[in-house]
Amino acid sequence: MQLHDTLTNALQDVQPINKVVTIYSCGPTVYDYPHIGNWYSFVRWDILNRALLQNGFKTNWVMNITDVGHLVSDEDDGQDKLEKGAKREGKTAWDVAEYYTDYFTKGLERLNFSKITMLPKATDNIPEQIELVKILESKGHTYVIDDGVYFDTSTIEDYGKLAQLDLKKLRAGARVELNPQKKNLTDFALWKFSPRDEKRDMEWPSPWGTGFPGWHIECSAMSMKFLGETISIHAGGIDHIPVHHTNEIAQSESATNKPFAKIWVHSNFILVDGKKMSKSIGNFYTLEDIEEKGYTLDAFRLLVLSSKYHTEAQFSWEVLGSFQIVLNKLNAWSDLQFQGLESSELVTSYKDSISSIKKEIANNLNTPRVLGLINGMLNKTTELGIDSNAIKDAAIQIDALLGLTLSLRKDINKAQKVKLANRKKARALNNWAESDAIRDDLLKEHIEIKDVLGNQIWNRN
RNA sequence: GGCGCUUUGGCCGAGCAGUUAGGCAGAGGUCUGCAAAACCUCGUAGAUGGGUGCAACUCCCAUAGGUGCCUCCA
């Protein structure tokens with residue numbers, strides 16, 4: 001299986017570590033509701049995990065919960081997002097973190113995520129973060145100024161290799177005032193001190209003074225703690241490349257002298273109505289907005305899968321609507337699994353399709369191609385005849401790969417089956433009035449009837 | 001202001017230097033008690049201007065739009 005690696009800007013083979021593919025993906029900062037852009041990225045890594053599993057790999061996937069230290073700005077002079085959220089809501093930072101962590105984990109279930117091995121919180125791993133700063137200090141990579149312990153980026157040769165940062169040009173183009181105590185523009189905080197006259201909700205003692213960890217150190221510390229010093233894949237949003245991941249690499253590789261991750265994958269943004277999502281424009285949507293407008297989260301998943309993770313994608317209600325239609329067709333297809341039809345040719349055809357689908361997703365997660373293949377697969381259904389068992393199996397396999405819920409469809413109940421039988425009798429007698437009445441009746445129960453090839457085919461809508 | 005990325009038909013969106021992507025929407029048709037579904041056909045895309053090549057949507061340059069980071073909201 002191959003993925004596009006940001007560091008080498010090329011396709012690279014996924015390499016297991018001790019026979020397990022280890023994945024670390026940067027998770028949510030739990031200070032507010034995640035929007036569909038956040039979910040868009042997380043769904044990508046769910047697909048990555050599923051694609052690996054379905055292609056025979058074992059995986060160990062860790063996604064962190066940032067519940068402290070993520071400043072409003074990536075610069076180190078902004079406010080802590082958690083403390084700011086707490087102030088806004090009149091709660092403590094701990095309450096805010098708990099509320100949004102809970103919301104997030106429920107969201108993972110609502111979106112039918114595959115098994116994430118671990119969702120560690122930054123605040124549960126403070127000693128490991130302090131320990132990592134100590135190692136960096138002992139190796140001469142740090143210095144202390146008024147407001148914290150900083151990483152001296154001039155102590156390493158290849159700082160900025162991920163983002164291909166040209167440090168001279170970065171400095172020339174910068175408009176912000178450099179903190180006079182910082183040695184280099186790119187130096188970043190490893191540990192921040194609590195303000196002198198203020199007690200923070202979240203603060204811990206450290207060898208350098210009471211305070212809280214910088215945002216980047218948590219990912220390095222937890223990735224190493226739970227997955228080892230070198231991992232197979234590190235994943236995140238494209239926005240993490242220039243600062244967050246660049247700094248993770250700097251501090252991790254300085255501490256261990258080993259490569260931090262074999263492959264770096266980044267998901268691009270999804271634009272809403274052609275614009276970047278932002279609260280001020282009012283195109284800032286959540287999962288609730290999707291459901292309130294009558295769309296399903298499966299349809300949203302299809303929308304995510306319709307583009308490649310590496311390219312910029314478009315979201316609009318019109319586009320989501322078109323994927324809801326596609327999903328409804330897939331669901332109608334899945335409903336055929338209850339209708340006792342047989343075709344041996346279809347069984348073979350599906351096997352071939354599923355196998356090429358697995359190959360295609362292993363090709364840098366080419367999900368748009370996968371959707372094309374699934375469409376071809378569905379076309380075969382009418383061409384070769386319908387086989388209920390084959391459809392049941394195929395639905396299970398598609399769900400395992402894409403995280404849809406096609407295999408969770410329910411059969412109609414006994415009363416509905418009786419109505420269907422009565423309709424068949426009426427039709428045999430050319431009693432169209434009776435036949436149509438039953439069809440209308442079932443439609444009220446959201447069961448739609450179509451008369452295909454002499455059979456009554458139903459689907460739930 | 002600096003440094004990048006991107007631009008495919010009404011909409012979404014792939015691959016590919018020369019052979020159909022696919023889907024959604026739309027038009028026409030076949031089938032059908034009706035309806036729906038299904039199937040067939042169609043519009044014949046590649047921001048603009050140059051360049052390299054026997055050949056460019058696919059490579060290079062410029063211009064324009066979008067977008068990202070440096071500079072709050074991913």
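Side chains included, hydrogens not; waters and symmetry mates left out as well; all remaining heavy atoms used. So you know, we letter chains A, B, ... as the sequences are listed, proteins then strands, and number each from 1.
- Using a 3.5 Å distance cut-off with no hydrogens or angles, the side chains of A:Q2 and A:Q12 do not pair a donor with an acceptor.
- Every residue meeting the ring-ring contact (aromatic ring centres under 6.0 Å, His included) condition with A:F104, not counting sequence neighbours, appears here in chain and number order: A:W39, A:F42.
- For B:rG53 and B:rA37, the C1' atoms lie 50 Å apart once the distance is rounded to whole Å.
- Atoms CG (A:L303) and C1' (B:rA14) sit 15 Å apart, rounded to a whole Å.
- Rounded to an integer number of Å, the gap from A:E312 CD to B:rG4 C1' is 13 Å.
- Nearer the 5' end of RNA chain B, as judged by each residue's closest nucleotide, is the contact made by A:I449, out of A:L378 and A:I449.
- By the ring-ring contact (aromatic ring centres under 6.0 Å, His included) test, A:F338 pairs with no residue at all, sequence neighbours left out.
- The CZ atom of A:R460 sits 20 Å away from the P atom of B:rA37 (whole-angstrom rounding).
- Near-neighbour residues of RNA chain B inside residues 398-412 of chain A, defined by a heavy atom below 4.0 Å, are absent.
- Between A:Y285 and A:F315, the angle of the ring planes lies from 30° to 60°, which puts this pair in the tilted group.
- Comparing B:rA14 with B:rC24, their C1' atoms are spaced 15 Å from each other, to the whole Å.
- The nearest whole Å value for the distance from the CD1 atom in A:I238 to the P atom in B:rG4 is 15 Å.
- Applying the 90° cutoff around 0 to the glycosidic angle, B:rG13 is assigned anti.
- The ring-ring contact (aromatic ring centres under 6.0 Å, His included) check on A:W432 picks up nothing, with sequence neighbours excluded.
- A distance of about 23 Å separates the C1' atoms of B:rA56 and B:rG65, rounded to the whole Å.
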Reading RNA chain B 5' to 3', how would its secondary structure be written in dot-bracket notation, given Watson-Crick and G-U pairs with both distances under 3.5 Å, brackets [ ] for crossing pairs and | for partners on other strands?
(((((((..(((.....[...))).(((((.......)))))....(((((..]....))))))))))))....
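- Distances shown here put every side-chain N or O of A:S307 at or beyond 4.0 Å from the OP1 or OP2 atom of B:rC12.
- Rounded to whole Å, the P atom of B:rG13 lies 9 Å from the corresponding atom of B:rU8.
- Comparing the same atom, P, in B:rU44 and in B:rA64 gives a spacing of 32 Å after rounding to whole Å.
- Contact between the side-chain N/O atoms of A:K275 and the OP1/OP2 oxygens of B:rG66 is not found at any separation under 4.0 Å.
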For nucleotides 23-33 of chain B, read 5' to 3', which letter fits each nucleotide if B means a protein heavy atom sits under 4.0 Å from the base, S means only the sugar-phosphate is that close, and - means neither?
SSS-------B
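- Residue contacts shown for A:A313 are limited to sugar-phosphate atoms, with no base heavy atom under 4.0 Å away.
- Counting only residues at least two apart or in different chains, salt bridge (charged side-chain N to carboxylate O under 4.0 Å, His left out) contacts with residues 96-112 of chain A comprise A:D102-A:K106, A:R110-A:E288, A:R110-A:E291.
- Between the C1' atoms of B:rG15 and B:rA45, the separation comes to 15 Å (whole Å).
- Minimum atom distance to the side chain of A:V319 is reached by B:rC11, of the listed B:rA36, B:rC11, B:rG13.
- Here A:I457 lies out of heavy-atom contact (under 4.0 Å) with every strand.
- Sorted by first and then second residue, the pairs that involve residues 331-350 of chain A and meet salt bridge (charged side-chain N to carboxylate O under 4.0 Å, His left out), not counting sequence neighbours, are A:D335-A:R409.
- Evaluation of the salt bridge (charged side-chain N to carboxylate O under 4.0 Å, His left out) test over residues 367-379 of chain A, restricted to residues two or more places apart or in two chains, returns none.
- Other residues, nucleotides and ligands contribute at most 12 non-hydrogen atoms within 6.0 Å of the NE2 atom of A:H310.
- Counting only heavy atoms from C-beta on, A:R369 has its side chain closest to B:rA14 among B:rA14, B:rG66, B:rG13.
- Distance A:L162 CG to B:rC70 C1': 16 Å, rounded to the nearest Å.
- Distance CG (A:L336) to C1' (B:rA37): 11 Å, rounded to an integer number of Å.
- The distance from atom CG of A:L341 to atom P of B:rA37 is 19 Å, rounded to the nearest whole Å.
- When the P atom is used for both B:rG28 and B:rC69, the distance is 47 Å, rounded to whole Å.
- Not a single side chain to side chain donor-acceptor pair (under 3.5 Å) links A:S254 to another residue, sequence neighbours left out.
- Side-chain atoms of A:V452 lie closest to B:rA36 of the nucleotides B:rC12, B:rA36, B:rG15.
- Evaluation of the ring-ring contact (aromatic ring centres under 6.0 Å, His included) rule for A:Y295 yields A:W317 as partners, not counting sequence neighbours.
- One interatomic measurement links the two molecules: NZ of A:K308 to P of B:rU6, which rounds to 13 Å at whole-angstrom precision.
- Partner of A:R423 under the side chain to side chain donor-acceptor pair (under 3.5 Å) criterion, chosen from A:D441, A:D451, A:N431: A:D451.
- A search for side chain to side chain donor-acceptor pair (under 3.5 Å) contacts involving A:S353 returns nothing, not counting sequence neighbours.
- Atom name P, nucleotides B:rC72 and B:rU7: the rounded distance is 26 Å, in whole Å.
- The only option from A:L373, A:L402, A:N366 that meets the side chain to side chain contact (heavy atoms under 4.5 Å, CB included) definition with A:I361 turns out to be A:L402.
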